[in-house]
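Structure first, commentary second.
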Amino acid sequence: MSAEQLHSLKAYNTFAIEHACVSIINADSKESLVETCLGLHQAGKPFFVLGGGSNILLIEDYLGTVVRILTRGVEVSEDSDCYLLTVEAGENWHELVEYCLKLGISGLENLALIPGTVGAAPIQNIGAYGVEFVDVCDWVEYLDLTDGKLKRFNAAECDFGYRDSIFKRELKGLAVITSVGFKLSKRWQPRLDYGPLARFDIESVTPLQVYNCICETRMSKLPDPKMLGNAGSFFKNPIVSTEQYLTLQRQYPTIVGYPVDGGTKLAAGWLIDNAGLKGFAIGKASVHEQQALVLVNKGGATGDDVMCLARYIIEKIYTLFSVILEAEPRVIGAQGERELTND
């Protein structure tokens, strides 16, 4: 297919990678989203659903249809204990955080400035500064492509894990998230365990103070995709056994780790930084100078540049620390999603 027949996706991915697809369909209502995705699936035509484009890496022109979720809508109700929100999948995540604060609804402030849409949040159980999506989730509604029905899972049924959910495993390629339910307690309990939040007094801190601190911290450490193409944190923080962590700690006393169920979560940014990779580049892709966890497009980078850089980092970290890094973004090739480590 000639370039004239393809539709550019550069404006729809925060890495600003210049690749294209066969066609783009904008779904601005739940009805059109369901009809479009179900029709493509039943016709056996390749497609993938795109939200904010902040968690994908395009490495080839996609030989199928991209369905952009543009559905909007937030409904708020309450009971004696909680605020209950019903939010359409196409809503911008950060705008939802701001909207809740304006209404005096707390609980999402630690997740401020995470890019992307609400519908993408359950897929990888987004999280930051001690809070994960699972902590605020009531239910997730999705289109089951196998039978065309809208179904609803409660939080437990979503089987959330660290940057993981049933939507990344058993339902991968079989479900399209249409809306999300939130349950936010009226008795706000601030989460001040991580980083700059520890300076606040738990008895007097306000949700707005937490929100402002998170925004200031993220803006100081993470590049704006509008200025420098990136997909945020490129690697998950790896979880290793406590024994392996103690071994690493003896060799590297400043290593950063947090105890979690099943072991210790290491700071991937620390590993990459201490491997001397800040600023390291392959082609037009490089490790960000201020935040080693972020890979950036310095201008004109290809998907291959980013993929080769990510593979190099993974190999380097394993050689130095015997720790395996996993990428967060979905890698999209001509035939759809693929593994970063595949040749």
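These numbers were taken from a predicted model, which means no experiment stands behind them.
With a 4.5 Å cut-off on side-chain heavy atoms, I56 and P329 do not count as touching. Taking the side chain as every heavy atom from C-beta outward, I272 and K316 never approach each other to under 4.5 Å. Taking the side chain as every heavy atom from C-beta outward, H288 and L228 approach each other to under 4.5 Å. Put simply, the side chain of P115 does not reach to within 4.5 Å of the side chain of T14, judged on heavy atoms. No side-chain heavy atom of I214 sits less than 4.5 Å from a side-chain heavy atom of E109. Using a 4.5 Å heavy-atom threshold, the side chains of L113 and L222 count as separate. Residues Y245 and I255 meet the side-chain proximity criterion, which asks for heavy atoms closer than 4.5 Å. In this structure, the side chains of R169 and D159 come closer than 4.5 Å at one or more pairs of heavy atoms.
Under the 30°/60° scheme for interplanar angles, the aromatic rings of Y252 and W270 are found to stand perpendicular.
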Original post:
Checking side chain to side chain contact (heavy atoms under 4.5 Å, CB included) for the pair E132/D135: CA distance, chi angles, key distance, verdict?
Top reply: CA-CA 6 Å; E132 291 183 318; D135 300 321; 3.9 Å; yes
**OP:** Decide ring pair (Phe, Tyr, Trp, His ring centres under 6.0 Å) for F182 and F133; before the verdict, give the C-alpha distance in whole Å, the side-chain angles of both, and the deciding distance to 0.1 Å.
**Re:** CA-CA 9 Å; F182 293 81; F133 175 79; 5.8 Å; yes
**OP:** Evaluate the criterion side chain to side chain contact (heavy atoms under 4.5 Å, CB included) for residue pair T86 and L84; output intermediate values, then yes/no.
**Re:** CA-CA 7 Å; T86 297; L84 304 170; over 6 Å; no
**OP:** Check step by step if side chain to side chain contact (heavy atoms under 4.5 Å, CB included) holds for L293 and K221.
**Re:** CA-CA 10 Å; L293 200 52; K221 295 171 63 176; over 6 Å; no
Subject >> Residues D144, T146; criterion side chain to side chain donor-acceptor pair (under 3.5 Å); working and verdict >> reply: CA-CA 5 Å; D144 188 334; T146 64; 2.5 Å; yes
Original post:
When you look at V66 and H7, which way does the side chain to side chain contact (heavy atoms under 4.5 Å, CB included) test go after all the steps?
Top reply: CA-CA 10 Å; V66 169; H7 299 263; over 6 Å; no
Subject >> Intermediate values then yes/no, salt bridge (Lys or Arg N to Asp or Glu O under 4.0 Å), E326 and R163 >> reply: CA-CA 11 Å; E326 292 182 49; R163 301 297 179 271; over 6 Å; no
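T36 places no side-chain N or O within 3.5 Å of a backbone atom of L33 that could act as its donor or acceptor partner. Of the possible donor and acceptor atoms, one in the side chain of W93 sits under 3.5 Å from a partner among the backbone N and O of L111. Under a 3.5 Å cut-off, the side chain of E88 and the backbone N or O of G73 do not form any donor-acceptor pair. Remark: the backbone N or O of R191 is paired with a side-chain donor or acceptor of N110 at under 3.5 angstrom. Judged by distance alone, the side chain of K30 and the main-chain N or O of A89 form no donor-acceptor pair under 3.5 Å. N297 places a side-chain N or O within donor-acceptor distance of the main-chain N or O of F15, the cut-off being under 3.5 Å. Judged purely by atom type and a 3.5 angstrom limit, N125 has no side-chain atom pairing as donor or acceptor with the backbone of Y162. In this structure, N212 contributes its side chain and Q209 its backbone to no donor-acceptor pair below 3.5 Å. Proximity of a side-chain donor or acceptor of R338 to a complementary backbone N or O of V331 within less than 3.5 Å is not detected. Of the possible polar contacts, one joining the N230 side chain to the P223 backbone as a donor-acceptor pair under 3.5 Å is found.
For the pair E337 and K172, the salt-bridge criterion is met [side-chain N within less than 4.0 Å of a carboxylate O]. Between R72 and E95 there is a salt bridge, since at least one side-chain N of the basic residue sits less than 4.0 Å from a carboxylate O of the acidic one. Using a 4.0 Å cut-off between charged nitrogen and carboxylate oxygen, D273 and K278 count as a salt-bridge pair.
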Scan the side chains in residues 197-204 for donor-acceptor partners under 3.5 Å anywhere in the protein, sequence neighbours excluded, and list what turns up.
from : atom 1 : to   : atom 2 : distance (Å)
R199 : NE     : P196 : O      : 3.4
D201 : OD1    : E203 : N      : 3.0

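Remark: of the listed residues I314, V306, I59, I314 is the sole one forming a side chain to side chain contact (heavy atoms under 4.5 Å, CB included) with L340. A salt bridge (Lys or Arg N to Asp or Glu O under 4.0 Å) with D81 holds for exactly one of K186, K183, R187; it is R187.
The CG atom of L309 lies 5.0 Å from the CG atom of L295; values are rounded to the nearest 0.5 Å. The CG atom of L58 sits 11.5 Å away from the CG atom of D304 when rounded to the nearest 0.5 Å. A distance of 5.0 Å separates CZ of R68 from CG of N26, quoted to the nearest 0.5 Å. Separation of atoms OG (S241) and CG (L248) is listed at 9.0 Å; rounding is to 0.5 Å. To the nearest 0.5 Å, atoms CG (L271) and CG (N274) are separated by 7.5 Å. Taken from CD1 in I114 to OG in S233, the straight-line distance is 9.0 Å, to the nearest 0.5 Å.
Follow the hydrophobic side-chain contacts under 4.5 Å out from L108 and you reach I123 in the same cluster. V180 and L103 end up in the same hydrophobic cluster when Ile, Leu, Val, Met, Phe, Trp and Tyr side chains are linked at under 4.5 Å. At a threshold of 4.5 Å between side-chain heavy atoms, the hydrophobic network of Ile, Leu, Val, Met, Phe, Trp and Tyr places I332 and M307 in one connected group. Cluster annotation: L184 is connected to V134 through the hydrophobic network of ILVMFWY side chains, with a link wherever side-chain heavy atoms come within less than 4.5 Å. One hydrophobic cluster, built from ILVMFWY side chains closer than 4.5 Å, cannot hold both L150 and F167; they sit in different ones.
Scanning all heavy atoms of the two residues, the minimum distance from C82 to S185 falls at SG-CA, 4.0 Å. Closest of all the heavy-atom pairs between I24 and S8 is CD1-O, 3.9 Å. The nearest pair of heavy atoms linking V210 to V205 is CG2-CG2, 3.8 Å. Scanning both residues, T117 and G90, for their nearest heavy atoms gives CG2-O, 3.9 Å. For the pair A301 and A285, the tightest heavy-atom approach, listed with the atom from each and the gap, is CB-N, 4.0 Å.
Within a 6.0 Å radius of NZ in K149, other residues, nucleotides and ligands contribute 12 heavy atoms or fewer. Within 6.0 Å of CD in E35 there are 12 or fewer heavy atoms belonging to other residues, nucleotides or ligands. Open room surrounds CG on D261; 12 or fewer heavy atoms of other groups in view lie less than 6.0 Å from it.
Residues passing the side chain to side chain contact (heavy atoms under 4.5 Å, CB included) test with Y194, sequence neighbours excluded: Y129, Y258.
Other residues sharing a hydrophobic cluster with I324 under the 4.5 Å side-chain heavy-atom criterion for ILVMFWY residues are Y318.
Taking the centre of each ring, Y62 and F47 stay at or above the 6.0 Å mark.
Under the 3.5 Å distance criterion, with hydrogens and angles disregarded, a donor-acceptor pair is assigned to the side chains of T65 and S23. Under 3.5 Å, the side chains of E98 and Y211 contain a donor-acceptor pair of N or O atoms.
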